[in-house]
2 protein chains.
Amino acid sequence: MTDFDLKDFTPYLLTIAAETSSAVFQAYYKDRYGMLRTEWRVFFHLGRYGPMTAKEICDRARIHKTKVSRAVAALAAKRYLTRKELPEDRRQEILRLTKSGELVFKELYRDAADFNVQMMADFTVQEQMILRKCLIKIADLDAPEPAPTDTG
Amino acid sequence: MTDFDLKDFTPYLLTIAAETSSAVFQAYYKDRYGMLRTEWRVFFHLGRYGPMTAKEICDRARIHKTKVSRAVAALAAKRYLTRKELPEDRRQEILRLTKSGELVFKELYRDAADFNVQMMADFTVQEQMILRKCLIKIADLDAPEPAPTDTG
DNA sequence: GAATATTGGTTGATTTTGTAACTAACAACA
DNA sequence: TGTTGTTAGTTACAAAATCAACCAATATTC
């Protein structure tokens with residue numbers, strides 16, 4: 001075990017791989033749309049799965065409610081989404097992409113897909129499948145249970 | 001391509017996998033030794049590859065010099081390393097783990113290795129190999145690196 | 001050998017994230 | 001009804017990351 005190296009430490013390797021692979025796309029949507037990563041994630045959820053409340057985004061995306069709250073505020077300020085109070089429970093608001101939000105989403109969605117295809121082209125189909133399987137397992141994304149969000 | 005999902009976006013998947021897999025170990029060395037992640041990385045480099053300058057750590061570990069500078073200061077404050085000015089270039093300092101630094105390193109090193117074995121036990125040998133290969137490729141870590149100084 | 005550029009490293013200001021406390025609406029129950 | 005507890009979401013404050021400016025030592029240029 002004296003050969004154990006940072007390259008052999010999977011959490012490290014994952015972190016570097018995540019940073020490297022995210023950098024380009026992140027810079028792209030930041031420069032072009034002034035979006036931060038959490039904003040992009042929230043935005044993606046609304047675009048891909050339709051209108052929902054902040055709470056639903058928290059559960060689905062496993063993002064803490066304070067981050068979602070700030071991302072929603074930023075996206076609303078950019079006129080990418082609107083909030084509408086739910087009559088049957090006035091604590092909640094339905095979030096929905098605006099027309100221009102939809103437009104931007106279509107572009108970002110397509111670009112993300114393209115980017116992904118390009119980056120995966122380095123690998124065989126079998127490698128892609130195994131990589132995906134391992135990552136989903138490590139990320140614990142195959143478990144349907146939403147993570148507890150609150151402090152404590 | 002209408003089925004493209006966040007789970008299919010590899011940079012996202014990598015980020016979540018990295019966060020999930022890092023969380024436990026990170027909490028461990030933070031609680032036990034008060035180390036931040038950059039500190040742990042710098043520390044690991046010095047322990048694993050022997051004394052070197054901050055610049056060398058920057059290059060090897062691909063960490064920005066401001067982060068390395070602060071990590072080194074923190075590690076020095078904890079008496080885990082010493083700095084010695086290089087006579088032939090007085091801008092540079094050789095960083096070297098202290099006795100107690102070495103001791104802590106041995107423990108952290110062993111625990112990291114154990115942690116890694118445990119986490120990889122979910123996968124077959126073939127899966128482990130492919131995962132590693134893909135991650136190294138994505139992280140661009142197969143690019144030529146400076147050779148290890150075999151002091152460690 | 002003086003002027004200028006570059007390099008290793010540090011520091012300060014700004015941005016972003018994380019944690020805790022908070023408000024307002026609803027629910028449960030006496 | 002009033003009390004207590006819970007939930008959705010925001011805000012305030014602390015910790016941390018990022019970026020630009022900076023200093024001192026060395027290299028380079030004329």
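Convention: sequence-line order gives letters A, B, ...; per-chain numbering from 1. All values reported here derive from a predicted model rather than from experimental measurement.
Side-chain atoms of A:Arg91 come within donor-acceptor range of the base of D:dT7, with a qualifying N/O pair under 3.5 Å. Side-chain atoms of B:Lys55 and base atoms of C:dG8 include no donor and acceptor less than 3.5 Å apart. At a cut-off of 3.5 angstrom, the base of C:dG18 holds at least one donor-acceptor pair with the side chain of A:Arg70.
The distance between atom CD of B:Glu88 and atom P of C:dG8, rounded to the nearest whole Å, is 14 Å. A:Lys65 places its NZ atom 13 Å from the P atom of D:dT11, with the value rounded to the nearest Å. A:Arg41 places its CZ atom 13 Å from the C1' atom of C:dT17, with the value rounded to the nearest Å. Distance, A:Arg37 CZ to C:dT15 C1': 15 Å, rounded to whole Å. When the P atom of C:dT14 is taken as reference, atom CG of A:Leu36 falls 18 Å away, rounded to whole Å. The nearest whole Å value for the distance from the NE2 atom in A:His64 to the C1' atom in C:dA21 is 12 Å. In this structure, the CG atom of A:Leu86 is 14 Å from the C1' atom of D:dG9, given to the nearest Å. Whole-Å rounding puts the A:Met52 CE to D:dA8 P distance at 15 Å.
A donor and an acceptor atom, one from each side chain of A:Thr10 and B:Asn116, are located under 3.5 Å apart.
Checked against D:dC19, C:dT16, C:dG18, the side chain of B:Thr66 finds its nearest nucleotide in D:dC19. Minimum atom distance to the side chain of B:Thr53 is reached by C:dG9, of the listed C:dA25, D:dC19, C:dG9.
Between B:Asp5 and B:Lys7 no salt bridge is recorded (no basic side-chain N to carboxylate O distance below 4.0 Å). Salt-bridge annotation for B:Arg132 and A:Asp8: present, with a side-chain N of the basic residue lying under 4.0 Å from a carboxylate O of the acidic one. Look at A:Lys84 and A:Glu93 and you find no salt bridge, because none of the NZ, NE, NH1 or NH2 atoms lies under 4.0 Å from a carboxylate O.
Taking for each of A:Lys67 and A:Arg90 the nucleotide of DNA chain C with the nearest heavy atom, the 5'-most of the two is the partner of A:Lys67.
Checking each of B:Phe105, B:Phe25, B:Tyr80 against B:Phe44 for a ring-ring contact (aromatic ring centres under 6.0 Å, His included) leaves exactly one that passes, namely B:Phe105.
Neither OP1 nor OP2 of D:dA8 sits under 4.0 Å from any side-chain N or O of A:Arg83. An OP1 or OP2 oxygen of D:dG9 is reached within less than 4.0 angstrom by no side-chain nitrogen or oxygen of A:Ser69.
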